[in-house]
J.: 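Below is a structure I'd like to ask you about.
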Amino acid sequence: QVQLVESGGGLVQPGGSLRLSCAASGFTFSTYTMRWHRQAPGKERELVASITNSGSSTVYPDSVKGRFTISRDNAKNTIYLQMNSLKPEDTAVYFCNAVLPWASVNYWGQGTQVTVAS
C-alpha cells in the first residue's frame with residue numbers, strides 16, 4: 001500500500017539540469033520528513049537533500065549545496081529535486097525516502113537513474 005514512485009531521471013550533459021519527482025501514497029505524507037539519497041557504483045548511499053514535513057527547513061551536503069533544491073507539495077503528496085549545474089560526479093541512482101525519525105519508520109522508492117555525461 002505504501003508507495004514512493006520516482007520519475008524524471010535520465011541522461012543529461014554536464015552543466016545541464018534535471019528535475020526529479022517522487023509521488024507518495026499509502027501514508028500521511030504531510031507528517032513525514034522527506035529525503036533524497038543517491039548511490040553511485042562502488043560508493044555508499046549518501047543523503048543529498050532533506051526537507052521537513054512543513055517544508056520550512058532543508059538540508060544539503062556541501063557536494064550539492066547551491067546546485068540542488070528540494071521542495072514538496074503536500075497537496076499533491078509529492079517531493080521534487082531540482083538539479084542544476086550537473087556534474088559527472090552526480091551520476092547515481094537517486095532514491096526517494098520518507099522518514100518518521102521518532103518512530104524509526106523509513107519508506108524507500110525504487111530509485112531512478114541519473115547519468116551526467118557528454
Side-chain angles (χ1 to χ4, degrees):
Q1 187 173 13
V2 172
Q3 290 188 340
L4 296 171
V5 181
E6 298 144 332
S7 61
L11 175 64
V12 65
Q13 294 188 41
S17 296
L18 213 56
R19 186 175 179 87
L20 306 183
S21 299
C22 173
S25 61
F27 63 99
T28 308
F29 176 82
S30 62
T31 69
Y32 279 67
T33 293
M34 298 298 296
R35 296 171 175 172
W36 289 97
H37 292 74
R38 69 186 182 188
Q39 188 165 23
K43 302 290 186 179
E44 295 289 321
R45 187 173 296 189
E46 64 173 336
L47 176 73
V48 297
S50 181
I51 187 166
T52 55
N53 58 352
S54 68
S56 62
S57 182
T58 57
V59 174
Y60 307 93
D62 289 341
S63 59
V64 308
K65 189 173 295 183
R67 300 188 298 119
F68 289 12
T69 303
I70 188 172
S71 60
R72 69 190 297 157
D73 186 341
N74 284 348
K76 295 183 177 180
N77 287 0
T78 301
I79 65 164
Y80 307 92
L81 185 67
Q82 179 66 47
M83 303 184 293
N84 299 325
S85 301
L86 283 161
K87 305 174 181 179
E89 303 86 75
D90 297 318
T91 296
V93 178
Y94 284 70
F95 298 91
C96 182
N97 174 221
V99 180
L100 284 179
W102 60 91
S104 298
V105 173
N106 264 269
Y107 300 129
W108 292 89
Q110 77 288 347
T112 185
Q113 177 71 47
V114 172
T115 302
V116 185
S118 300

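The shown structure was predicted, so the numbers you read here are calculated from the model rather than taken from an experiment.
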J.: Rounded to the nearest 0.5 Å, what separation is found between the CH2 atom of Trp102 and the OG1 atom of Thr33?
T.: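 So the CH2 of Trp102 and the OG1 of Thr33 are separated by 6.0 Å.
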J.: What pair of heavy atoms forms the shortest contact from Ala24 to Leu4, and how long is it?
T.: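 Looking at all heavy atoms of both residues, the shortest contact is CB-CD2, 3.5 Å.
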J.: Can you run down the side-chain hydrogen bond (donor to acceptor under 3.5 Å, both in side chains) pairs that involve residues 13-27, sequence neighbours left out, and say none if there aren't any?
T.: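 Of all non-adjacent pairs touching residues 13-27, those that pass side-chain hydrogen bond (donor to acceptor under 3.5 Å, both in side chains) are Ser17-Asn84, Arg19-Gln82.
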J.: Quick check: is Tyr80 connected to Met83 through a chain of hydrophobic side chains (ILVMFWY, heavy atoms under 4.5 Å apart)?
T.: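 They do not share one cluster, since no chain of ILVMFWY contacts under 4.5 Å joins Met83 to Tyr80.
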J.: Please answer whether the main-chain N or O of Thr52 pairs with a side-chain N or O of Arg72 as donor and acceptor at a distance below 3.5 Å.
T.: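 Here the side-chain-to-backbone pair exists.
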J.: Is there a chain of hydrophobic side chains (I, L, V, M, F, W, Y, each step under 4.5 Å between heavy atoms) that links Met34 to Val105?
T.: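 As far as the 4.5 Å side-chain criterion goes, Val105 and Met34 are connected within one cluster.
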J.: So which atom in Phe95 and which in Gly109 form the shortest heavy-atom distance, rounded to 0.1 Å?
T.: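 Smallest interatomic distance, heavy atoms only, reads CD2-O, 3.7 Å.
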J.: Identify the heavy atoms of Leu18 and Gly10 that sit nearest to each other, and give their distance.
T.: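 Nearest heavy atoms, Leu18 then Gly10: CD2-N, 3.9 Å.
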J.: How many angstroms lie between atom OG1 of Thr115 and atom CG of Leu86, to the nearest 0.5 angstrom?
T.: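 If I round to the nearest 0.5 Å, the distance is 11.0 Å.
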J.: Hey, does the side chain of Ser85 reach the backbone of Arg67 with a donor-acceptor pair shorter than 3.5 angstrom?
T.: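 No.
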J.: Could you give all pairs that pass the disulfide (SG to SG under 2.5 Å) test and reach residues 3-66, with sequence neighbours left out?
T.: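 Counting only pairs at least two positions apart or across chains, the disulfide (SG to SG under 2.5 Å) contacts touching residues 3-66 are Cys22-Cys96.
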J.: Could you work out, with side chain to side chain contact (heavy atoms under 4.5 Å, CB included) as the rule, every residue matching Ala75, not counting sequence neighbours?
T.: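 Once residues adjacent in sequence are excluded, the partners of Ala75 under the side chain to side chain contact (heavy atoms under 4.5 Å, CB included) criterion are Asp73.
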J.: Tell me whether Leu100 shares a hydrophobic cluster with Val2, the cluster being built from Ile, Leu, Val, Met, Phe, Trp, Tyr side chains joined at under 4.5 Å.
T.: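 Result: yes, single cluster for both.
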J.: Could you pull out all residues at least two apart from Phe27 that satisfy ring-ring contact (aromatic ring centres under 6.0 Å, His included)?
T.: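 Result, ring-ring contact (aromatic ring centres under 6.0 Å, His included) vs Phe27: Tyr32, Tyr107.
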J.: Thr112: which residues meet the side chain to side chain contact (heavy atoms under 4.5 Å, CB included) condition with it, sequence neighbours left out?
T.: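 Glu6, Leu20, Tyr94.
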J.: Which heavy atom in Val116 sits nearest to a heavy atom in Thr91, and how many Å separate them?
T.: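 Shortest heavy-atom separation between Val116 and Thr91 comes out as N-OG1, 2.9 Å.
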J.: Can you tell if the side chain of Arg38 reaches within under 4.5 Å of the side chain of Asp90, non-hydrogen atoms only?
T.: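 Side-chain contact under 4.5 Å: yes.
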J.: Specify the closest pair of heavy atoms between Val48 and Val64, including all atoms of both residues, with the distance to one decimal.
T.: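 Nearest heavy atoms, Val48 then Val64: O-CG2, 3.3 Å.
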J.: Report yes or no: does Thr78 contribute a side-chain atom to a donor-acceptor pair with the main-chain N or O of Lys76 at less than 3.5 Å?
T.: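 Answer holds: yes.
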J.: How many angstroms lie between atom CD1 of Ile79 and atom CZ of Arg35, to the nearest 0.5 angstrom?
T.: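 Between Ile79 CD1 and Arg35 CZ, I get 11.0 Å after rounding to 0.5 Å.
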J.: Please report the closest heavy-atom contact between Val99 and Asn106, naming both atoms and the distance.
T.: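 Closest heavy-atom pair between Val99 and Asn106: CG2-OD1, 3.5 Å.
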J.: Once ring-ring contact (aromatic ring centres under 6.0 Å, His included) is applied, what residue pairs with a partner in residues 33-63 remain, sequence neighbours excluded?
T.: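 The answer is His37-Trp108.
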